[in-house]
Amino acid sequence: MEKIEIKTSVTVYNSLPELSEEDKNLMNTAILARANAYAPYSKFKVGASFLLENGQIVSGNNQENAAYPSGMCAERVAVWKVGSEFPGIRIKKLAITAASENAIVNKPIGPCGACRQTLSEYEINQKEPIEVLFMGEIGKIVKTTSLLSLLPFSFDSEYL
């Protein structure tokens, strides 16, 4: 038997002004994207923005549908836009923010499991980490140095 211990380190910022200018700009772009989310059912709006190696920022937001499984998370909307419009361009960072019309979201909201799995493939394929910043509507911001740190033992094409 072997025991494996997995640890993840994150940096926690108290508010947006503590971020670097680059990170603050990326998060503010995600906040703008969040405002345009289509979430008439859950009233939970999410915005995501990617910073690419060429300096381009690509954003997306969650898109709901009355047939719930037909909707899509902000992170996947944005990353598929990156893949279709900027093939071969590496992703440096991702910023995610969430807000609700029902209550103030005052704690960081990380990507769901499906988004972590989808995003992990981009990080694996580009052979370079993707930093991830996430927050609620207000309050603390969590920053990781790699998407894969959020998904240990990820499934990838090596298993196929």
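Note that the structure is predicted; figures quoted are calculated from it, not measured.
In this structure, the side chain of Arg34 does not engage the main chain of Lys45 through any donor-acceptor pair within 3.5 Å. At distances below 3.5 Å, not a single donor-acceptor pair connects side-chain atoms of Glu75 with backbone N or O atoms of Cys115. In this structure, the side chain of Gln56 does not engage the main chain of Leu52 through any donor-acceptor pair within 3.5 Å.
To the nearest 0.5 Å, atoms CD (Gln117) and CG (Leu150) are separated by 12.5 Å. Rounded to the nearest 0.5 angstrom, Lys7 NZ and Ser149 OG are separated by 14.5 Å.
Tracing side-chain contacts under 4.5 Å through hydrophobic residues (I, L, V, M, F, W, Y), one reaches Val105 starting from Val12; they form part of the same cluster. Val10 and Leu148 fall into different hydrophobic clusters, where Ile, Leu, Val, Met, Phe, Trp and Tyr are joined by side-chain heavy atoms under 4.5 Å apart, directly or via other members.
For the pair Pro111/Ile96, a side-chain contact is recorded, criterion being any heavy-atom separation below 4.5 Å from C-beta on. Between Phe50 and Ile89, the closest side-chain pair of non-hydrogen atoms is not below 4.5 Å. At least one side-chain heavy atom of Phe153 sits under 4.5 Å from a side-chain heavy atom of Ile6. Side-chain contact between Met27 and Ile31: present, with at least one pair of heavy atoms (C-beta onward) separated by less than 4.5 Å. By the 4.5 Å heavy-atom criterion applied to side chains, Leu51 and Asn25 are not counted as neighbours.
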- Taking it one step at a time, do Leu16 and Ile141 satisfy side chain to side chain contact (heavy atoms under 4.5 Å, CB included)? CA-CA 7 Å; Leu16 279 170; Ile141 300 143; 4.0 Å; yes
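In this structure, a donor-acceptor pair under 3.5 Å is absent between the side chains of Thr118 and Arg76.
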In a table with atom names and distances, give each donor-acceptor pair under 3.5 Å that connects a side chain of residues 125-135 to protein atoms at least two apart or in another chain.
residue	atom	partner	partner atom	Å
Asn125	ND2	Glu121	O	3.3
Gln126	OE1	Ile91	N	2.8
Gln126	NE2	Ile91	O	2.8
Gln126	NE2	Glu128	O	3.0
Glu128	OE1	Arg90	NE	3.1
Glu131	OE1	Lys143	NZ	3.2

Quiz: residues 57-68 side-chain donor-acceptor pairs under 3.5 angstrom, not counting sequence neighbours:
residue	atom	partner	partner atom	Å
Ser59	OG	Ser49	OG	2.6
Asn61	OD1	Gln63	NE2	2.4
Asn61	ND2	Ala33	O	2.9
Asn62	OD1	Val46	N	2.7
Asn62	ND2	Phe44	O	2.8
Glu64	OE1	Tyr41	N	3.0
Glu64	OE1	Ser42	N	3.1
Glu64	OE2	Ser42	OG	2.2
Asn65	OD1	Ala67	N	2.9

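Residues Ile104 and Glu137 come closest through the heavy atom pair CA-OE1, 3.8 Å.
Of the listed residues (Glu53, Glu22, Glu123), just one forms a salt bridge (Lys or Arg N to Asp or Glu O under 4.0 Å) with Lys92, and that residue is Glu22.
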